[in-house]
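In what follows, a structure is listed as structure tokens, so that the remarks can point back to it.
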2 protein chains.
Amino acid sequence: MPKQVDHQSRRRQIAEAVCQLADESGLEGVTLRDVAARAEVSMGAVQRCFATKEEMLVFALGHIGERIAARVTARLVESPAQSARTALGHATTEVSLLQEEHRAEARVWLAFVAQAAVSPSLAEILRSNYAGLQTVFARLIAEAADTPDPDRAARTLLALADGLTTHVLIGHLSPAMALDVLDGHLNRLWDERAS
Amino acid sequence: MPKQVDHQSRRRQIAEAVCQLADESGLEGVTLRDVAARAEVSMGAVQRCFATKEEMLVFALGHIGERIAARVTARLVESPAQSARTALGHATTEVSLLQEEHRAEARVWLAFVAQAAVSPSLAEILRSNYAGLQTVFARLIAEAADTPDPDRAARTLLALADGLTTHVLIGHLSPAMALDVLDGHLNRLWDERAS
DNA sequence: GTCGAAGCGATGCAAGTGCATCGGAACGTC
DNA sequence: GACGTTCCGATGCACTTGCATCGCTTCGAC
């Protein structure tokens, strides 16, 4: 056996570079050369890890999708004792990527979403990601409020979170306003149960 | 005076071509040559109308933004006699671009939104568009239901509509499900007033 | 040691990019 | 009808793109 390399970790390293570049100048700014330079490997290494550019993008999307989902669940297990209402709020805030330090992830995510509208392989990954998130949200909602249709409420919340992310990114809303909107929506969901 | 050309209409013609191409393969598929070919003019003509590619994209975004806004207001004046609740529902459905025949516009819109996250000049146009829509929505909501904070309700509705559009585009939701979510949200808005 | 396969990095290549240039066609003015 | 301005469309150019190629290094098996 000749020289061995941890392919998996190198793929992650490259995916990280892809995300950085996509954050800075959109998916159009992601070229094999720039990715290689950013990841501090040679272009040959990139080509060895991914047979084609599309394969690289698909992997990168999966990578960041996992990271976001992981943060949501981490946030959930981190504060398990509190009320389901609080947990739901935290999870939603997390998935909306409203915090300044996650703005980069939001930009990358948006870039991929737009590309997915014309690229089935990317859309597939996004769908499975959203499906997972929706399941989690529906369960949380079912616990937090005995809404007649938790699935619908989850779909609403997920779409709202995504829309807010977008609006913050393009500067139509400030993060604070987005949080306010989110809070208002959750409160209404909550009050409805109470009544 | 030599040969005269209606620049304004030609610009619209080119913008139309930009939108068609962006619908088919995203903004990355929009090249000067392809735009010229699709608009059935020469590349020289495109360059005469727009000094740079960015200027062309900015114009195209303004073009489609106007079209969408126009459809919303058209839908409003078209059915003025009905209740404000119905009008609000129509306007929201319209802006969500859920109808199959507007799916292309939705893809184009999403492509521009993603690009705007890294391009200030595009973001500027989007902001003014959203600001206009939000004003209309806030007014409608104020008429339809005496919500304590119509502005916040409008922001919520707009973000929800955008999120639903996105989710339909990537195939996470069917148009029917999106309509269902929208309807549920509006109903809650309405009931809240009634209570 | 020697060998050979696995991986590396530089380079090549054809295609495509945005933009500049330029000769000539088209048309109102005199 | 000649003229000059405005516009046109083809071509050129420098550059970048994704991908293929090809010596060379590296390292474990024997």
Side-chain angles (χ1 to χ4, degrees), chain A residues 1-61 111-112 114-116 118-122, chain B residues 1-22 24-61 111-112 114-115 118-122:
Chain A
M1 277 293 133
K3 186 172 176 179
Q4 282 295 25
V5 161
D6 184 350
H7 268 230
Q8 218 48 32
S9 87
R10 191 190 286 277
R11 281 163 80 98
R12 275 193 295 271
Q13 176 184 357
I14 290 175
E16 204 52 47
V18 168
C19 290
Q20 284 182 29
L21 291 172
D23 167 40
E24 292 165 16
S25 34
L27 269 194
E28 311 185 308
V30 177
T31 73
L32 293 188
R33 279 165 183 77
D34 291 351
V35 167
R38 182 61 63 99
E40 290 178 315
V41 300
S42 76
M43 247 186 76
V46 175
Q47 291 184 267
R48 195 150 314 277
C49 283
F50 303 104
T52 168
K53 186 186 180 182
E54 164 135 1
E55 188 184 320
M56 179 182 75
L57 293 181
V58 165
F59 181 85
L61 175 53
F112 273 114
Q115 190 66 21
V118 293
S119 158
S121 47
L122 292 179
Chain B
M1 281 294 134
K3 186 171 178 179
Q4 281 296 24
V5 161
D6 183 350
H7 267 228
Q8 218 46 33
S9 86
R10 190 191 286 278
R11 281 163 81 97
R12 276 193 294 271
Q13 176 184 356
I14 291 174
E16 202 53 46
V18 169
C19 292
Q20 285 182 29
L21 290 173
E24 292 165 16
S25 34
L27 268 194
E28 312 186 306
V30 177
T31 74
L32 293 189
R33 280 167 181 77
D34 291 353
V35 167
R38 183 60 62 98
E40 291 179 316
V41 300
S42 77
M43 245 185 77
V46 174
Q47 291 185 265
R48 194 150 315 275
C49 283
F50 303 103
T52 168
K53 186 187 179 182
E54 164 135 0
E55 188 184 320
M56 178 181 77
L57 293 181
V58 165
F59 181 85
L61 175 54
F112 272 114
Q115 189 66 21
V118 293
S119 160
S121 48
L122 291 178

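Here is the naming used below: chain letters follow the sequence lines, and residue numbers restart at 1 for every chain.
For residues 11-46 of chain A, there are no ring pair (Phe, Tyr, Trp, His ring centres under 6.0 Å) pairs, not counting sequence neighbours. The stretch residues 33-56 of chain A participates, sequence neighbours left out, in these ring pair (Phe, Tyr, Trp, His ring centres under 6.0 Å) pairs: A:Phe50-A:Phe59. Applying the side-chain hydrogen bond (donor to acceptor under 3.5 Å, both in side chains) test to pairs two or more places apart or on separate chains, those with a residue in residues 37-51 of chain A are A:Gln20-A:Arg38, A:Glu24-A:Arg38.
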What do the steps show when you test A:Gln115 against A:Leu61 for side-chain contact (heavy atoms from CB on, under 4.5 Å), and what is the final call? CA-CA 11 Å; A:Gln115 190 66 21; A:Leu61 175 53; over 6 Å; no

Could you write out each protein N or O paired with an N or O of nucleotides 18-23 of chain C at a distance under 3.5 Å?
{"residue": "C:dG18", "atom": "OP1", "partner": "B:Lys53", "partner atom": "NZ", "Å": "2.7"}
{"residue": "C:dG18", "atom": "OP2", "partner": "B:Leu32", "partner atom": "N", "Å": "2.9"}
{"residue": "C:dG18", "atom": "N7", "partner": "B:Arg33", "partner atom": "NH1", "Å": "2.9"}
{"residue": "C:dG18", "atom": "O6", "partner": "B:Arg33", "partner atom": "NH2", "Å": "2.9"}
{"residue": "C:dC19", "atom": "OP1", "partner": "B:Thr52", "partner atom": "OG1", "Å": "3.0"}
{"residue": "C:dC19", "atom": "OP2", "partner": "B:Lys53", "partner atom": "N", "Å": "3.0"}
{"residue": "C:dA20", "atom": "N7", "partner": "B:Gln47", "partner atom": "NE2", "Å": "3.2"}
{"residue": "C:dA20", "atom": "N6", "partner": "B:Gln47", "partner atom": "OE1", "Å": "3.1"}

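Taking atom CD of B:Glu28 as the reference point, atom C1' of C:dG16 lies 14 Å away to the nearest angstrom. Taking atom CZ of residue A:Phe50 and atom C1' of nucleotide C:dG7, one finds them 16 Å apart after rounding to whole Å.
In terms of the side chain to side chain contact (heavy atoms under 4.5 Å, CB included) criterion, residue partners of B:Ala60 (sequence neighbours excluded) are, by chain and number, B:Ala15, B:Val18, B:Phe112. Residues forming a side chain to side chain contact (heavy atoms under 4.5 Å, CB included) with A:Val58 (at least two apart in sequence, or on another chain): A:Glu54, A:Ser121, A:Leu122, A:Ile125. Considering only residues two or more places apart in sequence or on other chains, A:Asp23 meets the salt bridge (Lys or Arg N to Asp or Glu O under 4.0 Å) condition with A:Arg107. For B:Glu55, there are no side-chain hydrogen bond (donor to acceptor under 3.5 Å, both in side chains) partners at least two apart in sequence or on another chain.
For DNA chain D, none of the residues of residues 15-26 of chain A falls under the heavy-atom distance limit of 4.0 Å.
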